[in-house]
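The chain is numbered in sequence order, starting from 1. Here the structure is a predicted model, which is why all the values come from computation and not from measurement. Atoms within each ligand, like the ligands themselves, are counted from 1 in listed order.
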Amino acid sequence: QRVLLLAEDRTAAVRLDEVRRDFVANVSHELKTPVGAIALLAETLEDAADEPDVVREFSRRLAQEARRLSALVQDIIDLSRVQDADALLDSRVVDVDAVVTEAVSRNEVEARARDIAIAAPGGSGLQVFGDEALLVTAVRNLVDNALRYSDGGTRVTVAARSGRDGLVEIAVIDQGIGIDADLLPRVFERFYRVDAARSRQTGGTGLGLAIVKHVAADHGGEVTVWSQPGRGSTFTLRLPSADSPTSDSAAA
Ligand code: ADP
């Protein structure tokens, strides 16, 4: 029995090591793209100093690549934090409507630019036990995706309600491009994208949903997705309510 256990531990350790190495390889690859572009654009700018149109265009692209780099670094920091078992060290009772309001307000500029209305009725009065900043990050990532993959859609809805088993549900509903059924389970993997070019063009890092998944798990909850290509997607975050007995174990 003991030998078997040790063998299993070893397999798990080897697998963990592989996952870690894969992640570092992926991160290096993802970082190289904007860093290389920034270097190239800066050199070109130097050569084109007396051509105002070129300077303007290349400065714009330089800023864009710098923003992408900064988003990637921020997501890597967020992800490494939520993968840590101590992520919820400073948990407290959190107002779900406040989380939704904050997440929506951080996406307002993007929504206006895309001509999409975000409906967030609020007033649920629900509470969860957890880390407010991480919960805002999770909902913000879902709303950000809903906007970025919303071709043709004019509305994104964020609804909080009391769901089954005493869980609090926060649903982010879009009318966007949707996701093929066979790809659905993969979207929560780090750096998995259905369409990499589109993700990058719209400022995606491929880490948003991996962060959401970990935030949900850290709170003793889960995130699920329903989607239909061409009709839209609904991502639902389910979290133990602050007054349900299970929330104590989630906080431990
Ligand atoms: P990204 O930065 O690429 O958006 P995410 O981890 O947030 O990374 O999402 C992974 C992939 O899942 C996206 O690249 C996209 O293909 C798909 N996806 C996520 N949210 C949606 C959505 N609301 N509608 C359609 N596709 C989505």
Using a 4.0 Å heavy-atom cut-off, which part of [X] comes near ligand 1: side chain, backbone, both, or neither?
X: Arg148; answer: side chain
X: Leu207; answer: backbone
X: Ile179; answer: side chain

Does [X] reach ligand 1 with a nitrogen or oxygen that is under 3.5 Å from one of the ligand's nitrogen or oxygen atoms?
X: Ala210; answer: no
X: Gly208; answer: yes
X: Val194; answer: yes

Using 0.5 Å steps for rounding, measure from the [atom1] atom of [X] to the [atom2] atom of [Y].
X: Asn26; Y: Ile76; atom1: CG; atom2: CD1; result: 10.0 Å
X: Gln83; Y: Ile211; atom1: CD; atom2: CD1; result: 9.0 Å
X: Leu167; Y: Leu239; atom1: CG; atom2: CG; result: 8.0 Å
X: Ser241; Y: Asp165; atom1: OG; atom2: CG; result: 12.0 Å
X: Thr157; Y: Asp174; atom1: OG1; atom2: CG; result: 9.5 Å
X: Arg161; Y: Ser124; atom1: CZ; atom2: OG; result: 11.0 Å

_With the threshold set at under 4.0 angstrom, would you say Phe235 reaches ligand 1 through any of its heavy atoms?_
yes
*Can you tell me if Gly178 has a non-hydrogen atom under 4.0 Å from ligand 1?*
yes
Tell me which protein heavy atom sits closest to [atom], plus the residue, atom name and distance to 0.1 Å.
atom: atom 23 (N) of ligand 1; answer: Asp174 OD2, 2.8 Å
atom: atom 17 (C) of ligand 1; answer: Val187 CG1, 4.1 Å
atom: atom 9 (O) of ligand 1; answer: Leu209 CD1, 3.5 Å
atom: atom 7 (O) of ligand 1; answer: Asn145 ND2, 2.8 Å

*Check each of Tyr149, Phe191, Tyr192, Phe188 against atom 22 (C) of ligand 1 and report the one with the nearest heavy atom.*
Tyr149
*Asp75 pairs by side-chain hydrogen bond (donor to acceptor under 3.5 Å, both in side chains) with which of Thr205, Asn141, Thr137?*
Thr205
In terms of atom number and element, which parts of ligand 1 are under 4.0 angstrom from non-hydrogen atoms of [X]?
X: Gly204; value: 2 (O)
X: Arg193; value: 3 (O), 14 (O)
X: Thr205; value: 2 (O)
X: Ser199; value: 1 (P), 2 (O), 3 (O), 14 (O)
X: Gly206; value: 1 (P), 2 (O), 3 (O), 6 (O), 8 (O)

*Taking the side chain as every heavy atom from C-beta outward, state whether Arg190 and Lys213 have any pair of such atoms under 4.5 Å apart.*
no
*Pairwise side-chain contact, Phe129 with Gln127, heavy-atom cut-off 4.5 Å (strictly under)*: no
*Is it true that a side-chain atom of Ser227 and a backbone atom of Gly232 form a donor plus acceptor pair closer than 3.5 Å?*
yes
*Identify whether NZ of Lys or CZ of Arg in Arg61 sits under 6.0 Å from the centre of the six-membered ring of Phe58 and within 45° of that ring's axis.*
yes
